[in-house]
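Quick notes on the structure that follows.
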Amino acid sequence: MTTIDISSADLKQILTFCIDLAREAGKTILKGSEAILSTASDDVEEKKNSVDLVTEYDRQVEALVRDKIKQSYPDYAFVGEEETSALGTLPPLTDGPTFCVDPIDGTTNFIHGFPYVCISIGLVYKKRAVLGVIYNPMLDWLYYGVESQGSYLLKSSSSAPLKLPLAYPRHLPSLSNALIAVEWGSDRTADSTRAKSESFARLAGDGRDGQVKGGVMAHSLRSVGSAALNFAAVASGSLDLYWEIGCWPWDVAAGIVIAQEAGGLVSTSDLSLQGGEVTGDSSDTILTGRKYVVIRGIADTPNEKGGDAQKRLVKDFCNTIVDMKPARLS
Ligand code: IPD
């Protein structure tokens with residue numbers, strides 16, 4: 001039973017808190033990046049394999065964020081990537097408010113100095129993502145969104161917020177017109193690698209004259225290495241669609257709200273779970289389901305409502321890719 005009520009005024013206050021917290025965490029991320037890039041020592045640890053990485057800064061940032069949240073919101077639950085990975089199991093979501101935090105999303109980028117790194121702070125309430133802040137300290141870009149209150153980008157702490165999407169939500173006739181983000185993730189088993197390779201080939205490949213079977217020849221594929229920043233780019237309108245199997249709620253909770261508030265639609269990529277249809281529902285089954293697809297807002301045309309176009313394209317997408325089972329935590 002829910003014992004804490006959160007009003008939209010509360011959400012506004014929580015948003016201010018989360019923005020300040022993200023900026024503070026960003027300072028530690030920047031310091032960590034400088035330290036990692038300027039020393040010969042290798043402070044990188046492997047979690048479940050050699051591409052699933054964690055640094056002392058992931059842990060430091062998570063501890064900072066968890067402590068500040070516990071001080072200000074002692075009754076709210078906290079699910080952080082590093083703590084949860086160490087426990088080896090994702091606690092079930094309750095109806096109470098839960099902060100879902102990835103202290104450094106894009107850890108591989110962080111280690112390599114590739115500037116697509118962020119902290120992602122999501123608030124889940126009644127099993128739905130209702131507030132999100134994603135901050136990339138390398139570029140000083142901060143995205144935020146609150147359910148029913150819109151989503152925005154702050155390009156620096158002193159600039160005015162830009163409403164998302166940044167681009168006019170042009171019509172998207174088919175997947176062949178789309179710029180699509182995909183990720184390899186950290187599951188490199190034969191099954192996962194085969195399913196992803198085949199999916200990527202179908203998305204990029206020319207299906208005409210039987211060249212690539214099932215090929216839709218999208219404009220191109222991108223991998224920036226951060227689930228949260230992929231969601232933010234879809235919310236901005238600079239990516240048309242992002243798909244990944246294997247992420248966790250801390251990677252996507254903030255991004256889901258930011259994308260939805262910008263007119264995006266979030267779905268599972270396994271439509272067999274919902275009778276083969278795209279529902280546009282993003283309840284806890286989607287949030288914890290680990291198979292995410294998000295498409296940007298699309299304007300209505302005389303022949304098709306934007307919402308129908310989103311559902312049609314997500315359905316086409318799900319029928320194009322190869323489904324796979326996500327790996328467990330450890
Ligand atoms: C990872 C990134 C990556 C995605 C992985 C995530 P991390 O998060 O978001 O883009 O492909 O699935 O685990 O490990 O850098 O926090």
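We count ligands from 1, going down the list as the structure has it; atoms in each ligand are counted the same way.
- Pairs passing the side chain to side chain donor-acceptor pair (under 3.5 Å) check and including a residue from residues 240-249, sequence neighbours excluded, read Asp240-Arg296, Tyr242-Glu244, Trp243-Ser269.
- Of the possible polar contacts, none joining the Glu81 side chain to the Pro103 backbone as a donor-acceptor pair under 3.5 Å is found.
- Residue contacts with ligand 1: Ala227 is placed with a nitrogen or oxygen under 3.5 Å of a nitrogen or oxygen of the ligand (distance criterion only).
- Within the 3.5 Å criterion, the main-chain N or O of Ala227 finds a donor-acceptor partner in the side chain of Asp105.
- For the pair Thr193 (side chain) and Arg188 (backbone), a donor-acceptor distance under 3.5 Å is present.
- Proximity of Asp58 to ligand 1 is not established, as no heavy-atom distance is less than 4.0 Å.
- Between Glu81 and ligand 1, at least one pair of N/O atoms sits closer than 3.5 Å.
- Looking at Asp251 against ligand 1, only its side chain comes within 4.0 Å, counting heavy atoms.
- Checking side-chain atoms of Thr39 against main-chain N and O of Ile36 turns up no donor-acceptor pair under 3.5 Å.
- Below 3.5 Å of separation, one finds no N or O of Ser186 facing any N or O of ligand 1.
- Between Ile180 and Arg222 there is no side-chain heavy-atom pair separated by less than 4.5 Å.
- Between Glu304 and Arg312 there is a salt bridge, with a side-chain nitrogen of the basic residue lying less than 4.0 Å from a carboxylate oxygen of the acidic one.
- Heavy atoms of Asp102 found under 4.0 angstrom from ligand 1 belong exclusively to the side chain.
- When heavy-atom distances to ligand 1 are checked against a 4.0 Å cut-off, Ser226 comes that close only through its backbone atoms N, CA, C and O.
- In this structure, Lys291 pairs ionically with Asp323, as a charged nitrogen and a carboxylate oxygen lie closer than 4.0 Å.
- If you check which protein heavy atom lies closest to atom 12 (O) of ligand 1, you get Glu244 OE2, 2.6 Å.
- Short contacts between ligand 1 and Gly225, defined as distances under 4.0 Å to a heavy atom of the residue, involve ligand atoms 2 (C), 3 (C), 10 (O).
- Aromatic ring centres of Phe99 and Tyr76 lie closer together than 6.0 Å.
- Below 3.5 Å of separation, one finds an N or O of Asp105 facing an N or O of ligand 1.
- In this structure, Gly106 counts as a contact residue of ligand 1, since one of its heavy atoms falls inside 4.0 Å of the ligand.
- Per-residue contacts place Glu183 under 4.0 angstrom from the following atoms of ligand 1 (heavy atoms of the residue considered): 10 (O), 11 (O).
- Contacts between Ile104 and ligand 1, counted as non-hydrogen atom pairs separated by less than 4.0 Å, involve the backbone only.
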